[in-house]
Amino acid sequence: MVANQITAKGKAGKELAALPEIPEKRYFSISEASLLCGVKAHVLRYWEQEFPLLSPLKRKGNRRYYQRHDLLLARQIRELLYGEGYTIHGARERLQGLRNESSHGHPVSAAQLEFEMDDNASGLHTSTGNRLTYLRIELSELIKICAGKH
């Protein structure tokens, strides 16, 4: 087990509720982002402070407008914190590690990500198979965005 993961029973490896598909839209309000990411709006605002990569556009009146890559990142943060049991600090390091690997000429491939997720999911029920497939696709899209291949 990773040192930065919470070891309390029921926290790490917890099955999360399925999230709705992200619509083909350019910008999302914080309330829309909240629904699409499965967390409350105040949680998204807090994550903006804790995760520098999560930075939605701010327009007149400090209104936040999330883009698709922001939603994918927020969903990945949610999975790390609530699904895998990472602490805020551990999740930040994990995301930064993925970004550093992709920017130093050692891109994280979708196959590598799938291997890690398959390894982590070996003890999960078959009913979560669709969820894992969905997460694999979203995480590989996020990695492409972080690597500048969007």
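Only this structure's heavy atoms are used, side chains among them; waters, hydrogens and symmetry mates stay out. Residues take their numbers from the sequence shown, with the count starting at 1.
In this structure, the side chains of Leu19 and Arg78 come closer than 4.5 Å at one or more pairs of heavy atoms. Counting only heavy atoms from C-beta outward, the side chains of Arg45 and Ile30 approach each other to under 4.5 Å. Using a 4.5 Å cut-off on side-chain heavy atoms (C-beta onward), Ile77 and Glu50 make no contact. You'll find the side chain of Tyr27 reaches within 4.5 Å of the side chain of Arg59, heavy atoms only.
Closest approach of Ala74 to Cys37, counting heavy atoms only: CB-SG, 3.6 Å. Considering all non-hydrogen atoms of both residues, Pro56 and Asp70 come closest at CA-OD2, 3.7 Å. When all heavy atoms of Leu54 and Leu44 are compared, the closest pair comes out as CD2-O, 4.3 Å.
Linking ILVMFWY residues whenever their side-chain heavy atoms come closer than 4.5 Å, directly or via other members, leaves Leu53 and Tyr65 in distinct clusters. Hydrophobic clustering (ILVMFWY, side-chain heavy atoms < 4.5 Å, transitive): Leu57 and Phe28 are in distinct clusters. The hydrophobic cluster containing Leu35 does not contain Val43, counting ILVMFWY residues as joined when their side-chain heavy atoms lie under 4.5 angstrom apart, directly or transitively.
Atom CZ of Arg94 sits about 8.0 Å away from atom CD of Gln76, to the nearest 0.5 Å. Separation of atoms NE2 (His69) and CG (Leu73) is listed at 9.0 Å; rounding is to 0.5 Å.
A distance-only check finds no donor-acceptor pair linking the side chain of Arg92 to the backbone of Pro52 [under 3.5 Å].
For Lys25, the NZ atom sits in a packed shell: over 12 heavy atoms of surrounding residues, nucleotides or ligands are nearer than 6.0 Å.
Ring-plane geometry between Tyr82 and Trp47 is classed as tilted, the angle between the planes lying from 30 to 60 degrees on a 0 to 90 degree scale.
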